[in-house]
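Each remark here refers to the structure printed beneath this line.
On a predicted model such as this, the values are computed, not experimentally measured, just so you know.
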Amino acid sequence: MSEPTAPSVPPTPPVPLSALLAREDLGLRQIAGPPAPDTVIHWAHTSEMADPYPYLLGGELLLTAGVHVPEAAGAGAYFEDYVARIVAAGGAALGFGLAPVHDTVPRALVAACEAYELPLLEVPPRTTFSGVARAVWQLMAQARLAELRRVTEAQQSLAAAAARPDPVPSVLRRLAQRLSAHALLYAPDGTVIASAGHAPVPGTQEALRKLTGVVRPRGGTERDTGPEPAAPAPAMDRGREERPAAPAEGHPADPGPPRAVPASATDALGDTQLAAYALGGSSGFVLGVATRRREPADHTIASVAAVLLSLLTGEHQSGAGAARSSALVRLLLGAAPAEVAGLLGNDGRWLVVHARPENGAPDPVGAAALGVALGSSLIDLGGDVVRVLVPAWREPAAQPGWTLGVGTPAEPEDWPSADAQAARALARARATRAPLVRHGARPGLTELVPRADAEEHARALLAPLAAGPALTETLRTWLSLHGSWDRTAVALDVHRNTVRQRITRCAALLDTDLDDPDVRMELWFALRGH
């Protein structure tokens with residue numbers, strides 16, 4: 001019979017044997033083997049087979065009532081073979097039930113478990129094997145819930161750190177706190193550009209630097225996403241391969257085919273656990289993490305930090321990111337939008353998009369995903385609206401879960417007007433329950449009147465409302481929605497009675513009949529140019 005290459009491990013966290021022994025409802029008692037805190041179990045399995053080896057996957061608490069034990073087994077040879085097979089199969093512990101076959105645990109079994117260092121539990125008559133198995137799964141579920149809670153809290157904490165003014169050091173500090181670790185960010189040339197936490201033992205940084213070479217692309221070769229190497233190096237995660245020997249002096253190295261570069265690798269320095277995570281494909285940045293011990297969720301948390309650092313380092317390294325930073329600095333120092341628009345990588349014409357999620361308030365992650373879907377990284381999350389600046393040549397499409405309002409293509413000097421257009425389009429989309437509304441850009445009667453004359457007429461006509469911007473916006477929205485009180489209330493986020501009061505006030509101040517279609521038309525043209 002072939003020996004198993006490695007025990008299968010379930011996707012649930014292991015359970016310390018000590019936690020199972022602490023369950024008073026089970027009444028389990030350890031009578032042989034190493035201390036319980038040093039043992040973990042992955043599942044429970046019941047078997048009365050004399051040779052349980054073929055039925056074990058590894059990591060089990062094997063439960064038996066000794067039905068398989070022959071009457072002449074007291075000498076000990078039978079139990080030695082039995083325990084040896086359990087250990088060979090990777091069994092984690094043995095539970096022996098005292099009823100209904102045996103009143104006590106055979107002494108020879110106790111001695112065999114001591115000799116093979118297999119924890120032996122005495123299961124009292126009142127405790128069923130199914131009850132023990134249920135307790136194992138309950139403890140696993142609790143451990144899994146705690147692990148998920150830990151990962152979720154870490155994700156939120158790391159995301160908040162990434163939003164700070166000093167995002168890279170903040171993410172490293174938060175990661176070091178969450179994992180009680182030493183975290184370092186290595187540049188493509190192998191130098192440490194940021195770190196947090198204290199090194200567990202001397203030599204940690206050097207050991208991590210060597211490990212980063214496993215996940216860093218060589219010679220600018222991009223990461224290979226094909227199958228992992230078939231023969232990983234000892235003490236490494238699958239995917240790590242040994243470095244090739246240096247070529248003899250005078251003989252050039254054969255570059256050969258591109259090396260399959262793993263996304264992460266692990267190693268150990270004594271009791272210290274080391275891990276390296278490549279950032280951003282072929283960028284060459286690597287995150288190194290050293291911890292005293294490795295918890296089940298550590299890899300997931302470190303991977304989240306690696307993704308955030310990939311975005312941060314990629315933004316700073318990319319030409320587009322540098323150009324956007326330059327544009328922001330120039331604006332802050334007094335430059336006009338038209339002067340910096342060229343740095344944004346477009347012909348100067350942009351669309352302003354306003355968006356609101358259909359349920360709840362927008363969050364940074366959702367806003368970033370929306371920007372990716374619309375093809376722009378110029379995103380502003382303010383209040384309950386996300387604003388995105390999109391190149392004019394892109395055609396924004398409706399996005400699941402979002403309501404969008406799109407302004408007309410605009411040059412930098414007209415961006416404020418395009419912003420107002422997008423806001424009105426979003427209000428109309430929400431009021432009409434449309435996934436996307438574009439501000440109308442077709443030529444009309446307004447183009448027959450010189451713009452200056454139209455603006456002067458609008459100011460004179462709407463002068464009675466000048467002291468109340470809310471009245472003007474309510475009138476504009478009410479007219480655009482054909483006098484619907486309910487839709488206007490939805491668009492403005494106010495009560496329908498508030499809309500009625502404002503429209504009544506507008507009619508009084510303008511001294512006109514708002515039910516007259518001619519009056520509505522004249523006011524609408526005035527509001528469009530106002």
Side-chain angles (χ1 to χ4, degrees), residues 1-23 25-36 38-141 143:
M1 181 179 298
S2 61
E3 298 292 330
T5 57
S8 300
V9 178
T12 52
V15 173
L17 186 58
S18 56
L20 196 62
L21 291 170
R23 290 279 298 255
D25 58 321
L26 299 178
L28 304 178
R29 184 169 68 95
Q30 183 173 355
I31 57 178
D38 297 333
T39 303
V40 295
I41 55 178
H42 290 280
W43 36 42
H45 175 67
T46 301
S47 174
E48 297 298 339
M49 301 297 294
D51 182 11
Y53 183 100
Y55 309 98
L56 300 181
L57 296 176
E60 295 95 344
L61 166 61
L62 178 62
L63 300 169
T64 179
V67 176
H68 57 87
V69 178
E71 295 182 2
Y78 175 86
F79 289 114
E80 287 187 9
D81 292 341
Y82 178 70
V83 173
R85 296 294 283 172
I86 296 174
V87 173
L94 175 64
F96 194 90
L98 296 184
V101 181
H102 297 269
D103 295 332
T104 60
V105 180
R107 293 183 180 180
L109 178 59
V110 176
C113 288
E114 283 287 357
Y116 283 91
E117 296 185 342
L118 179 69
L120 175 61
L121 310 184
E122 179 186 86
V123 183
R126 63 181 175 84
T127 301
T128 62
F129 288 171
S130 60
V132 175
R134 181 177 59 186
V136 170
W137 288 114
Q138 287 175 344
L139 291 171
M140 283 185 174

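At least one side-chain heavy atom of Pro124 sits under 4.5 Å from a side-chain heavy atom of Leu28. With contacts defined as side-chain heavy-atom distances shorter than 4.5 Å, the pair Val40/Val15 does not qualify. Residues Tyr55 and Glu60 fail the side-chain proximity criterion, which asks for heavy atoms closer than 4.5 Å. Between Cys113 and Pro119 there is no side-chain heavy-atom pair separated by less than 4.5 Å.
Smallest separation of non-hydrogen atoms from Val67 and Glu48: N-OE1, 3.0 Å. Of all heavy-atom pairs spanning Ala50 and Tyr82, the tightest one is O-CD1, 3.3 Å. Pairing each heavy atom of Ala99 with each of Ala65, the nearest pair is O-CB, 4.1 Å. Taking each heavy atom of Gln30 and Leu21 in turn, the nearest pair found is OE1-CD1, 3.8 Å. Taking every heavy atom of both residues into account, His42 and Pro14 meet most closely at CE1-CB, 3.6 Å.
For Arg29, the side chain to side chain contact (heavy atoms under 4.5 Å, CB included) partners two or more places apart in sequence, or in a different chain, are Ile31, Glu122. With sequence neighbours excluded, no residue satisfies side chain to side chain contact (heavy atoms under 4.5 Å, CB included) with Pro100. With sequence neighbours left out, Ser47 forms a side chain to side chain contact (heavy atoms under 4.5 Å, CB included) with His45, Met49, Pro52, Leu62. Residues forming a side chain to side chain contact (heavy atoms under 4.5 Å, CB included) with Ala143 (at least two apart in sequence, or on another chain): Pro13.
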>> Between Leu121 and Leu17, does the side chain to side chain contact (heavy atoms under 4.5 Å, CB included) criterion hold? Intermediate values first, please.
In response: CA-CA 10 Å; Leu121 310 184; Leu17 186 58; 3.8 Å; yes
>> Run the side chain to side chain contact (heavy atoms under 4.5 Å, CB included) test on Val69 and Leu109 for me, step by step, so that the C-alpha distance in whole Å, both residues' side-chain angles and the decisive distance to 0.1 Å come before the verdict.
In response: CA-CA 10 Å; Val69 178; Leu109 178 59; over 6 Å; no
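Within 6.0 Å of atom CD in Glu117, 12 or fewer heavy atoms from other residues, nucleotides or ligands are found, so the atom counts as exposed in its surroundings. Summarising the local packing, CZ of Arg107 is surrounded by 12 or fewer heavy atoms from other residues, nucleotides or ligands at distances under 6.0 Å.
Listed by first and then second residue, the salt bridge (Lys or Arg N to Asp or Glu O under 4.0 Å) pairs involving residues 14-23 are Arg23-Asp25 (not counting sequence neighbours).
Between the CZ atom of Arg134 and the OG1 atom of Thr128 there is a distance of 7.0 Å, given to the nearest 0.5 Å. Ile41 contributes atom CD1, which lies 8.0 Å from atom CG of Leu139 (distance to the nearest 0.5 angstrom).
For the pair Trp43 (side chain) and Gly58 (backbone), a donor-acceptor distance under 3.5 Å is present.
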Mind listing the side-chain donor-acceptor pairs of residues 86-97 below 3.5 Å, one per line with the distance, residues two or more places apart or on another chain?
none

